Engineer: 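Sharing a structure, written as structure tokens. Questions coming.
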Number of protein chains: 2
Amino acid sequence: MLGEATVDWQSKRREATRQEILAAAWAAARESGLAALTLRQVAARVGMRAPSLYSHFTSKHAIYDAMFAQAWQEYDAVAEAHELPSEPRTALREVARRFFDFAVADLPRHQLMNVRTIPDFTPSARSYAEAVRVFDRYRAVMAAIGITADEDLDLFVALVGGLVDAQWANDPGGTRYARLLDRAVDMYADALQLPQVHADQEEP
Amino acid sequence: MLGEATVDWQSKRREATRQEILAAAWAAARESGLAALTLRQVAARVGMRAPSLYSHFTSKHAIYDAMFAQAWQEYDAVAEAHELPSEPRTALREVARRFFDFAVADLPRHQLMNVRTIPDFTPSARSYAEAVRVFDRYRAVMAAIGITADEDLDLFVALVGGLVDAQWANDPGGTRYARLLDRAVDMYADALQLPQVHADQEEP
DNA sequence: GTCTATAGTTTGATAGAC
DNA sequence: GTCTATCAAACTATAGAC
């Protein structure tokens with residue numbers, strides 16, 4: 001009587017509940033701040049009492065961990081969706097803009113992905129693998145542009161990440177550092193002596 | 001009988017206690033993380049009970065606020081202490097190295113100064129003024145080097161800050177991004193067409 | 001003025017009924 | 001799987017000893 005169909009339905013329902021809880025956690029984090037998230041707050045949003053969450057996550061950190069993995073999966077999907085232009089400098093600009101826009105769109109998500117904000121929280125190996133997957137894709141994209149040295153990859157990450165952090169710290173919601181992004185990328189491309197774009201529309 | 005001398009002694013003692021509490025708070029933050037700091041933890045370090053701290057600070061946030069001001073005062077003292085070389089690129093490297101080393105030396109201090117880690121904490125106007133003082137000094141130093149445009153100042157802050165954040169996030173305690181600092185500064189100096197250093201010791 | 005004692009509230013987590 | 005009940009720890013605030 002309890003065949004595969006029942007088990008399947010149950011596990012689907014269980015997964016759906018997990019996703020509901022995660023969505024509630026993101027909403028709560030956006031409202032109160034990532035570190036200020038409380039289990040009662042999350043539970044209330046899904047119509048539960050706080051202890052019930054422990055049927056789906058072993059601890060508060062386990063929720064943070066699932067959020068961490070989900071955020072990197074989201075970014076991986078964004079990166080996968082877009083084809084890059086063949087011209088190296090244009091492609092480089094797009095890589096930078098893509099990461100910048102994603103990081104600037106959601107503060108708690110950015111904090112969880114790129115800043116160690118929660119004391120004692122370290123992503124599990126399983127969740128960290130999602131971040132590694134994105135970095136592997138980044139490595140491949142940069143190789144296609146013509147950049148392969150580890151130090152060059154690190155410098156680009158630091159450059160774009162620095163603009164993101166400065167944007168959040170000094171002008172949240174504004175464009176003070178967003179405006180500098182293309183210029184920063186060009187500066188980097190010049191230093192690496194990447195081929196210049198054909199200046200078709202220069203000085204008309 | 002209660003003359004100026006008594007008042008002076010009392011206020012000195014009071015200020016000393018304040019400083020003891022702040023020192024204990026820094027130590028606790030370094031041990032447990034900035035956001036995980038508890039008043040009991042701080043009080044225990046100075047041989048008090050938690051409520052006694054309220055005689056010296058009106059709230060936990062007031063302690064964070066005093067720490068924020070103290071951190072920027074510290075940096076201002078570091079910046080004031082050093083004379084900069086006259087050669088622009090060398091000076092620029094020193095400005096970057098000074099900030100980088102300071103930020104990488106102490107995680108909770110860096111988080112408090114440059115990252116919004118504590119939910120609901122915003123520095124008071126009085127404390128924020130300390131950060132502004134440092135930025136004004138930065139502006140003057142950069143002007144002496146020959147850099148005055150706001151966008152140029154912002155880009156340099158983002159560049160060096162990005163290396164700091166990447167160092168903390170991806171290689172805490174290491175030198176993976178510290179090694180890229182001079183190269184990053186040169187890249188920036190090239191983009192701004194700062195005069196080249198005399199290549200006295202090039203290709204010996 | 002400074003500290004202790006203490007009370008009230010919030011939060012993460014566990015136990016056990018159903 | 002969800003609930004109620006409950007605990008330990010932590011922040012805030014107040015009353016009162018000295």
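Proteins get letters first, then strands, A, B, ... in listed order; numbering begins at 1 in each. Since this is a predicted model, take the numbers as computed values, not measurements.
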Engineer: Heavy atoms from C-beta onward define the side chain here; which of dA13(D), dG1(D), dT6(D) lies closest to that of Tyr54(B)?
Structural biologist: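 The answer is dA13(D).
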
Engineer: Which one, dC11(D), dC3(D), dA5(C), comes nearest to the side chain of Thr38(B)?
Structural biologist: dC11(D)

Engineer: Nearest to the side chain of Arg40(A), heavy atoms from C-beta on, is which of dT14(C), dT11(C), dT4(C)?
Structural biologist: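 Between dT14(C), dT11(C), dT4(C), the one nearest the side chain of Arg40(A) would be dT11(C).
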
Engineer: Got a donor-acceptor pair under 3.5 Å from the side chain of Arg14(A) to the base of dG1(D)?
Structural biologist: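 Counting by modelled atom types and ignoring angles, no donor-acceptor contact under 3.5 Å is found here.
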
Engineer: Picking from dA5(C), dT2(D), dA15(C), which would you name as closest to the side chain of His56(A)?
Structural biologist: dT2(D)

Engineer: Closest approach to the side chain of Met48(B), judged atom by atom: which nucleotide of dT6(D), dC11(D), dC3(C) is it?
Structural biologist: dC3(C)

Engineer: Report yes if a side-chain nitrogen or oxygen of Ser52(A) is closer than 4.0 Å to either non-bridging phosphate oxygen (OP1 or OP2) of dC3(D); otherwise report no.
Structural biologist: yes

Engineer: Could you check which of dT11(C), dG1(D), dC3(D) has an atom nearest any side-chain atom of Ser55(A)?
Structural biologist: dG1(D)

Engineer: Are side-chain N/O atoms of Ser124(B) and Ser127(B) paired as donor and acceptor at under 3.5 Å?
Structural biologist: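 Present: a donor and an acceptor within the cut-off.
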
Engineer: Across the strands shown, which category fits Ile63(A) at heavy-atom distances under 4.0 angstrom: base, sugar-phosphate, nothing?
Structural biologist: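 It contacts nothing in the nucleic acid.
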
Engineer: Can a salt bridge be assigned to the pair Glu130(B) and Arg133(B) using a cut-off of 4.0 Å between side-chain N and carboxylate O?
Structural biologist: yes

Engineer: Please determine, for the side chain of Lys60(A), which listed nucleotide (dG12(C), dC3(D), dC11(D)) has the closest atom?
Structural biologist: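 Shortest atom-to-atom distance from the side chain points to dG12(C).
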
Engineer: Which nucleotide sits closest to the side chain of Pro51(B): dT4(D), dA13(D), dC11(D)?
Structural biologist: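 Among dT4(D), dA13(D), dC11(D), the one nearest the side chain of Pro51(B) is dA13(D).
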
Engineer: In Å and rounded to the nearest 0.5 Å, what is the OG1 to CZ distance from Thr117(B) to Arg116(A)?
Structural biologist: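 Nearest 0.5 Å value for the OG1-CZ distance: 12.0 Å.
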
Engineer: Quick one: on DNA chain D, does Ser59(B) or Gly47(A) contact a more 5' nucleotide (nearest heavy atom)?
Structural biologist: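 Of the two residues, Gly47(A) wins.
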
